[in-house]
Amino acid sequence: MVKNKIKIGVIGIQGDVSEHVIMMQKTLKETNTPGEVFIVKTKENIDEIDALILPGGESTTISKILNKSGLYTRIQKRIKENNLPTMGTCAGCVLLAKKLTDTYRDVTLLEAMDIQVTRNAFGRQKESFEKNLRIDGLHSMFNAVFIRAPVIEKTWGNCKPLAKIDKKIVMARQGNLLALSFHPELTRDTRIHKYFLEMII
Amino acid sequence: MKNIDTIEIKFGTDKLKKGFAKMQKGGVIMDVTNAEQAIIAEESGAVAVMALERVPADIRAHGGVARMADPKIIQEIIDAVSIPVMAKARIGHFVEAQALEALGVDMIDESEVLTPADPFYHIDKRKFTIPFVCGCRNLGEAVRRIWEGAAMIRTKGEAGTGNIIEAIRHQRMVTTMIKKVEQMNDNELHKLAEEYSQSYVKSTEILTCRKVGDNVPVFEEYTYATVKEGIYKILLDIKNVFHRLPVVNFAAGGIATPADAAIMMQLGSDGVFVGSGIFKSDNPSKRAKAIVEAVANYDKPDVIAEVSKNLGEAMTGIEIETIPKEQLLQERGW
């Protein structure tokens with residue numbers, strides 16, 4: 001799918017939206033890729049984009065407003081029917097999952113990836129941490145920022161784990177869907193955004 | 001060969017504190033006094049709840065010394081919801097803050113809504129693993145709190161009044177001053193940093209009965225020269241890098257309606273705190289949902305109009321002029 005200009009949308013409901021926009025813009029510039037990054041807030045925007053980023057934030061809040069605005073069904077449709085490349089970080093990782101371990105009543109999943117996610121798996125904010133992480137496909141360590149982070153309890157089908165902490169999966173890929181329980185957008189390291197860009201073009 | 005990087009884990013870094021605040025952007029943080037209200041807030045789409053014993057309107061009516069909430073209530077709220085739980089500590093009361101951190105609270109609001117505990121100093125927030133949010137009326141207060149380690153700033157507004165005027169005043173004070181900072185030369189920036197450092201100097205001079213020189217510690221172990229330099233660097237970053245506050249900036253103090261929340265967003269806030277506005281209104285759940293929608297769609301007047309329909313009575317509200325100056329909460333802190 002090589003086009004003249006790639007359009008990448010970041011869901012702009014809640015969370016660290018601008019951080020993803022800036023990182024993706026930087027990534028396009030560094031790789032000399034013609035394209036634009038913009039904030040997606042309406043159903044109509046979803047049809048215009050070639051790739052989607054679900055940012056970090058509160059999964060309950062984002063899920064509620066996605067549902068209400070009709071964005072949810074539109075995103076699901078584009079992922080299923082057009083194979084829309086999508087990256088979710090933290091809350092975005094939760095939303096991409098088919099299953100949740102906890103039974104909280106408050107979140108609707110996009111059910112796009114064959115993963116089961118546990119929210120706040122490392123604990124509360126005082127247990128949030130930074131750690132250098134080995135990631136499949138990257139040559140050297142990545143400074144991963146985990147904030148009240150979820151983990152991917154298990155993957156099945158075509159979904160492949162890309163990074164782990166002990167036995168906990170913190171990054172996984174299925175086709176052109178990418179789920180991360182940490183926040184590359186809070187660093188200056190564009191390697192993961194580049195990895196995602198390569199999945200798009 | 002063992003790579004030392006693989007075993008290195010860092011907690012409580014600046015990035016983790018400011019990153020937590022970034023995850024709250026575009027959201028509504030709601031004051032709650034029990035688990036039941038916390039669940040309503042979560043179901044309404046709040047990004048976090050602020051656990052406290054009484055909402056500001058009741059603190060105002062009740063009088064007396066307002067302190068950190070009963071840890072039992074905070075624990076019940078933590079157990080009831082999956083979203084982050086914040087709680088308030090008194091200005092300068094670092095032991096209340098330590099207790100809140102031990103409880104597992106995700107962020108501490110060093111808040112003028114409670115009765116200040118220390119007449120001289122705010123908490124040294126860098127000493128904590130969890131992040132802090134602090135109120136401000138102007139850029140000077142904002143920059144001092146950031147220098148002390150706050151990961152998030154909010155307007156003070158005038159809590160418990162249901163009156164938005166003070167929150168707007170404080171937001172405009174900050175943004176207008178930032179525009180001025182952007183025009184300043186290096187000399188003027190140093191002068192402003194010196195001016196903004198004076199509250200530390202004054203406190204130290206009262207305590208030591210001496211004039212303060214550059215090498216005298218004025219806040220914890222930090223000397224006057226260090227404070228001036230630190231504040232200068234924050235101002236320089238505002239001028240050259242951020243063109244806004246360098247941390248997440250929320251609105252607080254008097255937000256009662258969806259339109260109140262949306263005007264603060266249009267004026268540049270990253271999100272809002274709603275205190276008494278929700279649980280002092282006729283239909284808390286409906287109003288809470290409406291304010292969440294309004295913040296997510298702050299630039300869409302049709303959505304604001306739609307969600308504002310049939311919310312029932314908002315909290316009654318108080319004219320600021322009718323409050324005696326010594327009872328204004330925003331005057332607390334410096």
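Per chain, numbering begins at 1; letters A, B, ... match sequence-line order. Everything numeric in this text was worked out from a predicted model, so none of it was measured.
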Q) Minimum heavy-atom separation for K15(B) to L186(A), with atom names? A) CE-O, 3.4 Å
Q | Greater than 12 external heavy atoms within 6.0 Å of N158(A)'s CG | A | no
Q: Could you look at K300(B) and say if it's the side chain, the backbone, both or neither that has a heavy atom under 4.5 Å from chain A?
A: side chain
Q | Segment of N120(A) engaging chain B (4.5 angstrom heavy-atom cut-off) | A | side chain
Q. If you draw a 6.0 Å radius around NZ in K154(A), do more than 12 non-hydrogen atoms from other residues or ligands fall strictly inside?
A. no
Q | E36(B) CD: over 12 foreign heavy atoms closer than 6.0 Å | A | no
Q) In terms of heavy-atom pairs under 4.5 Å with chain B, which of E185(A), R124(A), E127(A), H183(A) leads? A) R124(A)
Q) Counting a contact as any heavy-atom pair under 4.5 Å apart, which residues of residues 167-178 of chain A contact chain B? A) none
Q) Which bit of T60(A) comes within less than 4.5 Å of chain B, counting heavy atoms only: side chain, backbone, both or neither? A) side chain
Q: Would you mind telling me which of V248(B), V28(B), I83(B) has the largest number of heavy-atom pairs within less than 4.5 Å of chain A?
A: I83(B)
**Q.** chain A contact via A46(B) - side chain, backbone, both or neither, heavy atoms under 4.5 Å
**A.** backbone
(Q) Just checking F20(B): does its CZ atom have more than 12 heavy atoms from other residues, nucleotides or ligands closer to it than 6.0 angstrom? (A) yes
Q: Taking the side chain as every heavy atom from C-beta outward, state whether K131(A) and K10(B) have any atom pair closer than 4.5 Å.
A: no
Q) Is the number of heavy atoms from other residues, nucleotides or ligands under 6.0 Å of I263(B) CD1 greater than 12? A) no
Q | Per-residue contact mode, S140(A) against chain B (heavy atom under 4.5 angstrom) | A | neither
Q. When heavy-atom pairs shorter than 4.5 Å are enumerated against chain A, which of A21(B), P84(B), G271(B) gives the highest number?
A. P84(B)
Q.
With rounding to the nearest 0.5 angstrom, report the CG to OG1 distance, N143(A) to T13(B).
A. 8.5 Å
Q: Determine, stepwise, if the pair S18(A) / K25(B) fulfils side-chain hydrogen bond (donor to acceptor under 3.5 Å, both in side chains).
A: CA-CA 10 Å; S18(A) 59; K25(B) 287 196 299 178; 2.9 Å; yes
(Q) Can you see whether K64(A) engages S44(B) through a side-chain donor-acceptor pair at a distance of less than 3.5 angstrom? (A) no
Q) Any donor and acceptor pair, going by atom type alone, linking the side chain of Q125(A) with main-chain N or O of G104(B) inside 3.5 Å? A) no
Q.
Tell me whether the count of non-hydrogen atoms from other residues, nucleotides or ligands lying under 6.0 Å of NZ in K99(A) goes above 12.
A. no
Q) Has the side chain of Q14(A) got a donor or acceptor atom that lies under 3.5 Å from a matching backbone atom of M23(B)? A) yes
Q.
Quick check: closest heavy atoms across A102(B) and K126(A), and the distance to 0.1 Å?
A. O-NZ, 3.1 Å
Q | From CZ (F11(B)) to CZ (F122(A)), nearest 0.5 Å | A | 10.0 Å
Q.
For V85(B), which atoms come within 4.5 Å of any heavy atom of chain A: side chain, backbone, both, or neither?
A. both
Q.
Only pairs of heavy atoms separated by less than 4.5 Å count here; which of S128(A), G56(A), G12(A) has the most with chain B?
A. S128(A)
Q.
Would the distance check show the side chain of T61(A) and the main-chain N or O of G45(B) forming a donor-acceptor pair, the cut-off being under 3.5 Å?
A. yes
(Q) I'd like to check I9(B) versus E130(A) (side-chain heavy atoms, cut-off strictly below 4.5 Å). Are they in contact? (A) no
Q.
Tell me whether the count of non-hydrogen atoms from other residues, nucleotides or ligands lying under 6.0 Å of CG in N310(B) goes above 12.
A. no
